[in-house]
Amino acid sequence: MISPKSDHNSGPVDTTSTPLYVDMDGALCATDTLWESLLELVRSQPLVLPQVPFWVLKGKSRFKDEIARRVLPDVATLPIRPEVMELLETRKNAGDAIILATAADSRIARAVAERVGLFSDVLASDGETNLAAGNKLDAVRAHAKGGPFDYLGDSKADLVLFRHCRKGYVAGSNEKVWQTASDERRDGSLMRLQPENHGARSLVRALRPHQWAKNVLLGVPLLTSHRIGDAIALLHFGLAFIAFSLIASSIYVINDLLDLPSDRAHPTKHRRPFASGALSIPTGILLAAALLIGGLGIGTIGVSLNFGGMLIFYVVVTTLYSTVLKRKLLLDVYMLAGLFTFRILAGAVAVEVRPSEWLLAFSMFIFTSLAMVKRCSELKTWSKMDKAWVAGRGYTVSDMQLLRSAGMASAFAAVLVFALYISSPAVTLLYRRPEVLWIVCPILMYWLTRLWFLTNRERLLEDPVLFALTDRVSIACGILVGLLVAIAT
């Protein structure tokens with residue numbers, strides 16, 4: 001457990017018999033349940049979204065009530081601050097009453113209180129009164145029957161309660177709230193419960209810059225058309241890579257926001273910035289919008305209008321994948337393979353070359369195999385947890401054998417397409433010694449089969465494309481293929 005951290009004017013914890021009132025959003029929970037509910041509404045009932053502005057006009061408490069009547073966040077997986085829980089358990093063991101006092105809707109508040117199991121009562125918004133700031137102070141005073149009370153909060157709206165409580169606890173990492181509250185109270189009665197600060201690191205992790213390596217596929221048409229020496233084409237590829245990377249990061253952020261419940265149930269993904277509460281949902285929305293606008297601007301202005309159109313299409317398709325298709329059996333892997341192949345198409349548009357049908361067919365088969373490797377890796381992880389179903393996916397652990405068979409078939413189909421390409425008349429237009437390319441076939445068969453062996457042995461538990469970029473054997477195979485292509489040219 002993380003011990004509460006106090007600043008210079010913090011006094012010792014006083015555990016006399018004084019009730020402690022605890023805020024929920026941002027204080028007890030490292031997230032905001034209203035934003036969580038809105039995301040759940042987007043996921044499960046998108047057709048009611050046009051009604052949201054009319055609910056807002058009815059007032060904030062009614063707005064919360066309308067949403068809570070339709071959806072509730074998964075309170076079982078909400079990130080609870082460990083440093084706050086430690087304080088609550090200490091106060092509870094000392095005999096103090098712990099009361100949840102939140103501006104969230106009462107349905108959500110009661111569910112969270114039941115999960116935590118330390119609260120003797122709940123004060124929350126009820127559809128008529130929004131229990132924030134002054135309204136919360138009045139409710140707390142009435143509940144405490146005019147007696148002294150302690151308060152734990154995190155936001156600007158809690159400042160009025162910090163002014164009137166006997167002892168205050170400032171949770172979260174809002175420096176401005178802490179400074180304002182501590183400036184107003186210099187009697188040693190204010191304490192700070194500060195979580196570890198992962199700000200900049202969490203922001204970088206949310207962008208997933210390591211995933212940008214996949215966008216080198218944009219350069220495949222440049223290589224296969226033998227235009228690597230064209231300065232303008234190289235510039236367009238560079239700008240296309242930047243634009244596509246920004247767009248991809250935007251989609252990753254959106255995907256993480258929409259996947260919060262399933263990510264929190266995952267053995268490793270629960271540590272992602274939004275799932276853990278290290279970054280807030282509004283931050284994610286603003287970040288995704290900025291990345292999207294930046295990527296579209298660079299792609300449209302710096303490369304071409306046609307490439308900008310490809311980016312817009314990619315955003316639409318990936319959004320469809322994130323919201324619907326990734327949960328559909330087999331459609332998810334074919335869509336994933338299609339998105340990899342789409343990068344090659346987009347690269348062809350960026351450098352203004354016509355992509356080979358052979359290249360597109362090869363890409364579709366090989367990326368289908370790699371997408372199935374990724375799903376099998378996930379199923380292996382869930383099988384070790386004795387889970388039958390994969391959260392947020394359309395597969396069961398028993399599907400692994402079928403996925404292996406289909407994945408291996410796709411892998412060897414890709415090698416067959418490459419062999420047929422070497423035998424075609426088209427290859428003589430680009431290569432002086434095409435017979436050298438036949439050596440590539442056994443290398444491809446070895447690399448793909450090895451990936452499947454590693455997956456079966458639970459040694460490949462990540463994205464296979466990213467694995468290939470760091471795996472020494474894969475790098476060696478890539479270098480060897482590159483040398484063979486150079487010799488054949």
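Residue numbers run from 1 in the order of the sequence given.
Salt-bridge annotation for Asp256 and Arg208: present, with a side-chain N of the basic residue lying under 4.0 Å from a carboxylate O of the acidic one. A salt bridge does not link Arg69 to Asp105: none of the charged nitrogens lies less than 4.0 Å from a carboxylate oxygen.
At least one donor-acceptor pair under 3.5 Å links the side chain of Ser410 to the backbone N or O of Ala406. The backbone N or O of Ser155 lies less than 3.5 Å from a partner atom in the side chain of Asp158, making a donor-acceptor pair. Between the side chain of Ser369 and the backbone N or O of Ile366 there is no donor-acceptor pair closer than 3.5 Å. At least one donor-acceptor pair under 3.5 Å links the side chain of Lys64 to the backbone N or O of Ala103. For Thr77 (side chain) and Asp74 (main-chain N/O), a donor-acceptor pair under 3.5 Å exists by modelled atom type. In this structure, the side chain of Asp32 engages the main chain of Leu34 through a donor-acceptor pair within 3.5 Å. In this structure, Ser125 contributes its side chain and Gly127 its backbone to no donor-acceptor pair below 3.5 Å. Using modelled atom types, no side-chain atom of Ser304 and backbone atom of Thr300 make a donor-acceptor pair closer than 3.5 Å. Ser423 contributes a side-chain N or O that, together with a main-chain N or O of Ala419, makes up a donor-acceptor pair within less than 3.5 Å.
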- Start with the C-alpha gap between Glu66 and Arg70, add the side-chain angles, then the distance that decides, and say whether salt bridge (Lys or Arg N to Asp or Glu O under 4.0 Å) holds. CA-CA 7 Å; Glu66 291 285 356; Arg70 291 165 174 82; 2.8 Å; yes
- Task: Would you check, one step at a time, whether the test side chain to side chain donor-acceptor pair (under 3.5 Å) holds for Ser280 with Trp35?
- Result: CA-CA 9 Å; Ser280 69; Trp35 282 104; over 6 Å; no
- Message: Show, in sequence, the C-alpha distance, side-chain angles and deciding distance for Asp65 and Arg107, and conclude whether the salt bridge (Lys or Arg N to Asp or Glu O under 4.0 Å) test is met.
- Response: CA-CA 9 Å; Asp65 178 70; Arg107 300 171 183 85; 3.0 Å; yes
- Item | Candidate pair Val333 and Arg375, rule side chain to side chain contact (heavy atoms under 4.5 Å, CB included), full reasoning | CA-CA 8 Å; Val333 292; Arg375 288 294 171 264; 3.5 Å; yes
- Verdict with reasoning, Val473 to Tyr446, per side chain to side chain contact (heavy atoms under 4.5 Å, CB included): CA-CA 10 Å; Val473 174; Tyr446 165 74; 3.7 Å; yes
- Verify side chain to side chain donor-acceptor pair (under 3.5 Å) between Lys176 and Gln179, making sure each step is shown before the conclusion. CA-CA 5 Å; Lys176 188 173 182 180; Gln179 287 298 332; over 6 Å; no
- Item | salt bridge (Lys or Arg N to Asp or Glu O under 4.0 Å) between Arg264 and Glu36, worked out | CA-CA 13 Å; Arg264 287 171 181 155; Glu36 296 269 349; 2.7 Å; yes
- Message: Set out, in order, the CA-CA distance, both residues' side-chain angles and the distance that settles side chain to side chain donor-acceptor pair (under 3.5 Å) for Trp178 and Ser173, then state yes or no.
- Response: CA-CA 8 Å; Trp178 166 249; Ser173 55; over 6 Å; no
- Task: Check the pair Ile487, Tyr431 against side chain to side chain contact (heavy atoms under 4.5 Å, CB included), reporting the backbone distance first and the verdict last.
- Result: CA-CA 9 Å; Ile487 294 170; Tyr431 298 94; over 6 Å; no
- Taking it one step at a time, do Thr33 and Asp25 satisfy side chain to side chain donor-acceptor pair (under 3.5 Å)? CA-CA 6 Å; Thr33 55; Asp25 293 330; 2.9 Å; yes
- Task: With side chain to side chain contact (heavy atoms under 4.5 Å, CB included) as the test, would you mind laying out the steps for Arg115 and Leu78 before giving the verdict?
- Result: CA-CA 10 Å; Arg115 173 194 167 182; Leu78 290 178; 3.7 Å; yes
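To the nearest 0.5 Å, atoms CZ (Arg457) and CG (Leu454) are separated by 7.0 Å. Taking CG of Asp154 as the start and CG of Leu193 as the end, the distance is 11.0 Å to the nearest 0.5 Å. Within the model, atoms CE of Met372 and CG of Leu402 stand 10.0 Å from one another, a figure rounded to the nearest 0.5 Å. One finds the CG atom of Leu359 at 5.0 Å from the CD1 atom of Ile344 (value rounded to the nearest 0.5 Å). Interatomic distance, Ile439 CD1 to Leu444 CG, rounded to the nearest 0.5 Å: 12.5 Å. To the nearest 0.5 Å, the span separating CD1 on Ile443 from SG on Cys477 amounts to 6.5 Å.
At a threshold of 4.5 Å between non-hydrogen side-chain atoms, the residues Lys374 and Leu336 count as touching. Side-chain contact between Ile254 and Leu258 is present, with at least one heavy-atom pair separated by less than 4.5 Å. Inter-residue side-chain proximity for Trp358 and Leu420 is flagged as met; some heavy-atom pair is nearer than 4.5 Å. With a 4.5 Å cut-off on side-chain heavy atoms, Trp212 and Ser249 count as touching. Between Cys29 and Arg81, the closest side-chain pair of non-hydrogen atoms is not below 4.5 Å. A 4.5 Å side-chain heavy-atom check between Val349 and Leu345 finds every atom pair outside the cut-off. Side-chain atoms of Asp259 and Phe274, non-hydrogen and from C-beta on, never get closer than 4.5 Å to each other. Looking at heavy atoms from C-beta onward, Val75 lies out of side-chain contact with Glu114 at the 4.5 angstrom threshold.
Ring centroid separation for the pair Phe412 and Phe365 does not come in under the 6.0 Å cut-off.
Among all heavy-atom pairs drawn from Phe418 and Cys441, the shortest one is CD2-SG, 3.7 Å. Closest of all the heavy-atom pairs between Leu260 and Arg43 is N-NH1, 4.3 Å. Contact record, Val417 with Phe362: CG1-N, 3.8 Å, taken as the closest heavy-atom pair. The shortest non-hydrogen separation linking Arg227 to Ala233 is NH2-CB, 3.8 Å. Shortest non-hydrogen contact noted between Phe307 and Ala350 is CD1-CB, 3.8 Å.
Taking a 6.0 Å sphere around NZ of Lys214, one finds it holds more than 12 heavy atoms contributed by other residues, nucleotides or ligands. Within 6.0 Å of NZ on Lys58 lie more than 12 heavy atoms contributed by other residues, nucleotides or ligands. Under a cut-off of 6.0 angstrom, the local environment of CG in Leu57 is crowded, with over 12 non-hydrogen atoms contributed by other residues, nucleotides or ligands. The environment of Gln211 atom CD is dense: over 12 non-hydrogen atoms of other residues, nucleotides or ligands sit within 6.0 angstrom. In this structure, Gln51 places its CD atom where more than 12 heavy-atom neighbours from other residues, nucleotides or ligands lie under 6.0 Å away. Shown here is Leu331, whose CG atom has more than 12 heavy atoms of other residues, nucleotides or ligands within 6.0 Å.
Within the cation-pi definition used here (under 6.0 Å to the ring centroid, within 45° of the axis), Arg450 does not qualify as a partner of Phe453.
With Leu246 as reference, Leu291 is the one residue of Ile251, Leu296, Leu291 to meet the side chain to side chain contact (heavy atoms under 4.5 Å, CB included) rule. Applying side chain to side chain contact (heavy atoms under 4.5 Å, CB included) to Phe367 and the options Phe340, Phe342, Tyr334 leaves one that passes, Phe340.
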